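Each remark here refers to the structure printed beneath this line.
These numbers come from a predicted model, not from an experiment. This chain uses plain numbering: 1 for the first residue, then up along the sequence.
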Amino acid sequence: MAEMLLCTEGKRVQSFFSCCILLCCIFGRVPRPVLSLVQEHQQQPRALFVANAPPTPPQAPVPVTAPAPAPVLTLSEKVVNALRAAGHYGAISGVLEGLTNIDQVIQPGTTFFAPDDVVSAGLPYNSSGDMMQLLSYHTANQSYTFQDLLGLKVGDRIATVSPGISILVESVGQNDYQLDNAILVNPDLYTNNSVAVHGINAIFFTQFYNTATLGPVPAPPATTGVAPAAAASSPKSSSSTTPTAKSHKATPNAAGGLTRASYSSASGACIATVQLLIAVLMLLFPL
């Protein structure tokens, strides 16, 4: 029904506009009554169409997708990421990442001195206990930025999280800052209000710089002429192992004769005596 009405009304409007165009051609302008009728007919189809048109279904609101929240990193994860970003601390960052108790090493209020990849081959990877102990020797119990470290003096000691163990300040130069036996090569790898991380080029020789706590540094084993098996099977007294001065006196061997060294000494003495005798004879009986 609505479509039929629209079709009829459209024809009427078309005829009406044709008449208007004809009148405009005759009079040269649109008469005012005609202009009013045109405006009225322009409004009537719209009202009819709007009245008979089916209601427009309401549009569902477009859901707004909120951006995904950034992942919240732990303190240890931030430190590991900073070490990896430095480029040559992959070994120590892998060690820290693999620890189940990493929060005991990287914790607020500490400073971690990270050995670089060149020296990390000496880390005890096969023992988690030794690794944790070694890492504790490289962790100060206070946060020191590089500016804080420059404020220390040579001979000062930095306490670590390991009781009784400290790190000795050997040099405080801007470009050659040394702690124990290691040079600070990458200061301030990571810093925030509670943690600082610095890169070093050596593993701290903690036992050497803490002899009062850890005991003396073990000396290399002495080289002796006795084979280990023989030494173990026939222990000797301390007096027999003490080296004595060599003697040129001929000593009998197990068979009752003289040893080769004794014969050599005796031969040398005889030759010297003969030479002395010849010299005396030449003085007494000159040619």
Partners passing side chain to side chain donor-acceptor pair (under 3.5 Å) against Thr145 (at least two apart in sequence or in another chain): Asp148
Distance-only donor-acceptor pairs under 3.5 Å for side chains of residues 89-106, two or more places apart:
{"unit_1": "Tyr89", "atom_1": "OH", "unit_2": "Asn186", "atom_2": "OD1", "d": "2.7"}
{"unit_1": "Ser93", "atom_1": "OG", "unit_2": "Tyr89", "atom_2": "O", "d": "3.0"}
{"unit_1": "Ser93", "atom_1": "OG", "unit_2": "Gly90", "atom_2": "O", "d": "2.8"}
{"unit_1": "Glu97", "atom_1": "OE1", "unit_2": "Arg84", "atom_2": "NH2", "d": "2.6"}

ILVMFWY clustering at 4.5 Å (side-chain atoms), partners of Val72: none
Any salt bridge (Lys or Arg N to Asp or Glu O under 4.0 Å) involving residues 159-187? Give me the pairs, sequence neighbours left out, ordered by first then second residue. none
Do Leu135 and Phe112 come within less than 4.5 Å of each other through their side chains, counting heavy atoms only? yes
Side-chain touch Val161/Tyr137, heavy atoms, less than 4.5 angstrom: no
Point-to-point distance, once rounded to the nearest 0.5 Å, from CD of Gln178 to CD1 of Ile183: 4.0 Å
Could you check whether any side-chain N or O of Asn210 sits under 3.5 Å from a backbone N or O of Ile165, counting only pairs where one atom can act as donor and the other as acceptor? no
Identify whether Val79 and Leu73 are in the same connected component of the hydrophobic contact network (ILVMFWY, side-chain heavy atoms under 4.5 Å). no
Nearest 0.5 Å please: distance from the OG1 atom of Thr139 over to the CD atom of Gln107. 8.0 Å
On a heavy-atom basis, which atom in Ser166 and which in Arg157 lie closest, and how many Å separate them? OG-NH1, 2.9 Å
May I ask you to decide if Phe208's main-chain N or O and Thr211's side chain share a donor-acceptor pair within less than 3.5 Å? no
I'd like to check the side chain to side chain donor-acceptor pair (under 3.5 Å) partners of Ser76; sequence neighbours left out, ordered by chain and number. Thr74
Hydrophobic side-chain clustering at under 4.5 Å (ILVMFWY, transitive links): who's grouped with Ile167? Put none if nobody. Phe113, Tyr144, Phe146, Leu149, Leu150, Leu152, Val154, Ile158, Val169, Val172, Tyr177, Leu179, Leu184, Ile200, Phe204
Measure across Pro115 and Ala202 and return the closest heavy-atom pair with its distance rounded to 0.1 Å. CB-O, 4.2 Å
Could you check whether any side-chain heavy atom of Gln142 comes within less than 4.5 Å of a side-chain heavy atom of Thr111, counting everything from C-beta outward? no
Return the minimal non-hydrogen interatomic distance between Leu168 and Gly155, and the atom names on each side. CD1-O, 3.6 Å
Kindly indicate whether the side chain of Leu189, heavy atoms from C-beta on, has any atom under 4.5 Å from the side chain of Leu83. yes
Are Leu134 and Ile203 close enough, and set up right, to give a side chain to side chain contact (heavy atoms under 4.5 Å, CB included), and what steps lead you there? CA-CA 9 Å; Leu134 184 65; Ile203 297 173; 3.9 Å; yes
State, without any angle test, whether Tyr190 and Asp188 hold a side-chain donor-acceptor pair at a distance under 3.5 Å. no
